[in-house]
Amino acid sequence: MNKQYDPAQIETQAQHYWDTAGSFAVSEDSAREPYYCLSMLPYPSGKLHMGHVRNYTIGDVISRFQRMQGRNVLQPMGWDAFGLPAENAAIKRGVAPAKWTYENIDHMRRQLQRMGYGYDWRREVTTCDPAYYRWEQQMFTRLLAKKRVYRASAVVNWDPVDQTVLANEQVVDGRGWRSGALVERREIPQWFLRITDYADELLDGLDHLPGWPDAVKTMQRNWIGRSEGVELDFALADGGEPLRVYTTRPDTLYGATYMAVAADHPLALAAEANDPSIAAFLTQIRQGAVTEEAMEKLEKKGMPLGIDALNPLSGERIPVWVANFVLMGYGTGAIMAVPAHDQRDHEFAQRYGLAIRQAVGPADGSAIDVQAQPWVAKDDLVTVNAGQFTGLDFNAAFHAIADYLEAQGIGERRVNYRLRDWGVSRQRYWGCPIPIIHCPSCGAVPVPDKDLPVTLPESVEFTGVRSPLKSDPHWRHVACPSCGGEAERETDTFDTFVESSWYYARYCSPDAQAMVDERANHWLPVDQYIGGIEHAVMHLLYFRFWHKLMRDLALVKSDEPATNLLCQGMVLAEAYYQDSEQSGREWIAPDQVRVERDAKGRITTARRRDDQTEVVATGWTTMSKSKNNGVDPESLVDRFGADTVRLFTMFAAPPDQALEWQDSGVEGASRFLRRLYSVVIEHIEAGTVPAPREQSLDQAGAALRRKLHETIAKVGDDIGRRYTFNTAIAAVMELTNELTRYSESTPSARGLRQEVLEALVLMLQPITPHLSHALWSALGQDGAAVDQAWPTVDESALVRDALELVVQVNGKLRGRITVAADAAESAIREQALADENVIRFTESLTIRKVIVVPGRLVNVVAN
RNA sequence: GCCGGGGUGGCGGAACUGGUAGACGCGCCGGAUUCAAAAUCCGGUUCUCGAAAGAGAGUGCGGGUUCGAUUCCCGCCCCCGGCACCA
């Protein structure tokens, strides 16, 4: 055994052992309880970053811990390999997206292996592999047959200069990132999955997911946004198709004083053709990004179309406007506006001098002025100025008006969702081809099973101007499967959220000649899913949705894909910059900066290491290329070893909080491992340990042994229940500190030291598995650390005979008393009141009450 | 703008169910070891006053409930994540 801790050597040896022993190759085993631990698969961007390291270390710690609890653990890994960055790299460097992606995967796989994660690599999934994506193509054709898929138009960001559709991140301040042209909102035909058919099930299912964070469930509930309202027609004063709108506030219908339609609504399009000023206005408001954020922040603008509608209750003529905040694709493309009782409608009415009419007011009759500001409350209201519907509360008015509209045949009650159907079409090359053939006579025909997969050509030139799928006539032209005539393939590809919606199921049966086989039901649902909080809504909703689609095609039996979810926070680092006249702002990498401190350790200045010039510190920000503050995990592994990186990553913060990266903390983690290593070396060099261990310990020994068993209980709880790995590590460090303070060398003391060290090594196995592997055999133990059971708590070691209690006077700490563990309350009270400092603070006062909290404190209330 | 989360020493964080605020680590200060330095080891370290004992203040800001609030309630400020084509 090496005298010095040599992580490189220890880690190579441990990894070699796991490799040759096949430690992480798992198969279905009826004898052990299965445990499926899943981490979100990475996009192969080129290099592992700290966010990956954090995510995958959490997963590996949980996996190894559960294995020590006797479970048969499946922990797989794969690649979310389709996506925009490959296209961007191709434009920038002239490499084909496929080649770039495969090279990145090879590099990142090696990086993951160096970290010592216990993956079953035989199950690796790569989503850009036709052997993978053929099954989602087949699924799509099944869903089409089941009418879960449809084609409709939807709005996209259109760059009029580059003549291309832009992703939201490619729109900067309303302009195309490369052309700089003002982006237009344009409608194009796209494929949709009917996720709204599952809206109620997705919503109700959240109530049966106790293992998911409340924050995620709340965000999903709000995203689905179920509402009960009324859909109704407003007749046009001069005839024609009535305007259909949805409202959750039929009680305020008397207050509807105008209507607004989207720029692409048929009424607007008709007006555009006849009126050049409306045409100019529509051109103007069609500009800008499609995101909800952009729409909400928009300055609300509109123009009257010169058409009136009729309020169905009052019969009043109200004007129809076209407005930039109404979108055609959402709802009916038209809204009724009640400025008296809606903030946005009110602002718009004031801006354009439109009528504001009160329809409801406070039930207690207190005065409000809706001209000055809207009154939006839904509770404790009464309808006013509402004809036959006057004097009702919200519920009564809602139902009376809904009944009336239904009786008139101009409206009906409707449950509505904020959730929209999932548009899966992308106008991109590097994605899974949508298996559809467009035939002039048969329409959109699904590709038959025998012709699947529709393979994406991989050796292509990609310039970013036009998708290679569109420019390749050989790929595009094909015979119609239905009539045999000339037809064309669909050239759009799937949203990459499609691939990441079912990869977890594929891991269970990676070689199945179907999307999944019966092995999926052995492992699913996932016991623990781990990934970034940024996926709280979209990915995690599609993931749940797709599982239900698979269930309804009898591919899986469970209703939900994962029972427990852990969302980890971002990884942040300090960033530094210098501004200069010539080169503008220059971001300096943190390792190129030296900080200076005052005598109390406060940072005074930060300087560049090379020329000593001062730099500006921004504080904690997310690691990013643009700020040049990324920390490369691999170089840290080179310097300190994977165990140190794993230990620090888990120690620096609880998993669900942002992690603020500091290199000095990494050194602290490394120092702890070196210390533990030398404690073990010292112990084994002192010779063989007497066995069986004697339990005749002195007081200090009994205290250490109590600490040991308290620690085993705490660490098991912290890792297994609370997922607070940082406090688990702190407890292990405390125990190590107490062990080094214990200097007895009697045979029973050395036996105790052996017991403590064995437990320390096993408790650290999930976190620093390589070091544990080496130290476990150094301690003379058979078998590998990875295969050991979690240490058991000896309850008899936990017994205490005396306790220290805190004594407060009026809530302020005034003394401490030591009492017998089984002391009666009256005895504790007496002892507390007898404390010297307590007397000092109570002697001029009258004692009113003495509160005794067993095992914790005594509070004397006096005045 | 809307939805969700967060704010505690010089720094990362701990305090799990309303009960000792600051565990553990970093940094800093002092000491040991060393020819010297690094490494290592030992001690101290919320702030203010005090030689000390101890006292006062203190968990983003303002209020409230309670014997007792970092924890619960109301209002506000700031930071982070998401907002449907980044993944």
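Atoms considered below: every heavy atom in the structure, side chains included; atoms not considered: hydrogens, waters and symmetry mates. Lettering of chains follows the sequences in order, A, B, ..., and the numbering in each one begins at 1.
Nucleotides B/C35 and B/G58 have their C1' atoms positioned 48 Å apart, rounded to a whole Å. Comparing B/C61 with B/U40, their P atoms sit 38 Å apart, to the nearest whole Å. Between B/C67 and B/G62, the distance separating the two P atoms is 24 Å to the nearest Å. Rounded to a whole angstrom, the distance from the P atom of B/C26 to that of B/A36 is 26 Å. Comparing the P positions of B/G10 and B/G82 gives an interatomic distance of 31 Å, to the nearest angstrom. For the P atom pair drawn from B/G22 and B/G75, the interatomic distance equals 32 Å after rounding to whole Å. Comparing the same atom, C1', in B/A84 and in B/C72 gives a spacing of 36 Å after rounding to whole Å. Spacing of P atoms, B/U70 relative to B/G7, comes out at 14 Å, to the nearest Å.
Among the atoms of the strands shown, none is found under 4.0 Å from any heavy atom of A/R221. Contact annotation for A/F497: base contact, defined as any heavy-atom pair under 4.0 Å involving a base atom. Among the atoms of the strands shown, none is found under 4.0 Å from any heavy atom of A/V537. Among the atoms of the strands shown, none is found under 4.0 Å from any heavy atom of A/D214.
Among the nucleotides B/U40, B/C83, B/A14, the one closest to the side chain of A/P654 is B/A14.
Mapping A/R840 and A/R816 onto RNA chain B by nearest heavy atom places A/R816 closer to the 5' end of the strand. Where A/E660 and A/F82 meet RNA chain B, the nucleotide closest to each residue was compared, and A/E660 sits on the side nearer the 5' end.
Distances shown here put a side-chain N or O of A/N222 below 4.0 Å from the OP1 or OP2 atom of B/G4.
When the P atom of B/C83 is taken as reference, atom CG of A/L541 falls 13 Å away, rounded to whole Å. In this structure, the CG atom of A/D342 is 13 Å from the C1' atom of B/G1, given to the nearest Å.
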Base-pairing string, 5' to 3', of RNA chain B - Watson-Crick or wobble, under 3.5 Å, | interstrand: (((((((..(((......[....)))((((((.......))))))((((....))))..(((((..]....))))))))))))....
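Partners of A/F648 by ring pair (Phe, Tyr, Trp, His ring centres under 6.0 Å), not counting sequence neighbours, listed by chain and number: A/W661.
The cationic atom of A/R418 (NZ for Lys, CZ for Arg) lies less than 6.0 Å from the six-membered ring centre of A/W223 and within 45° of the ring axis.
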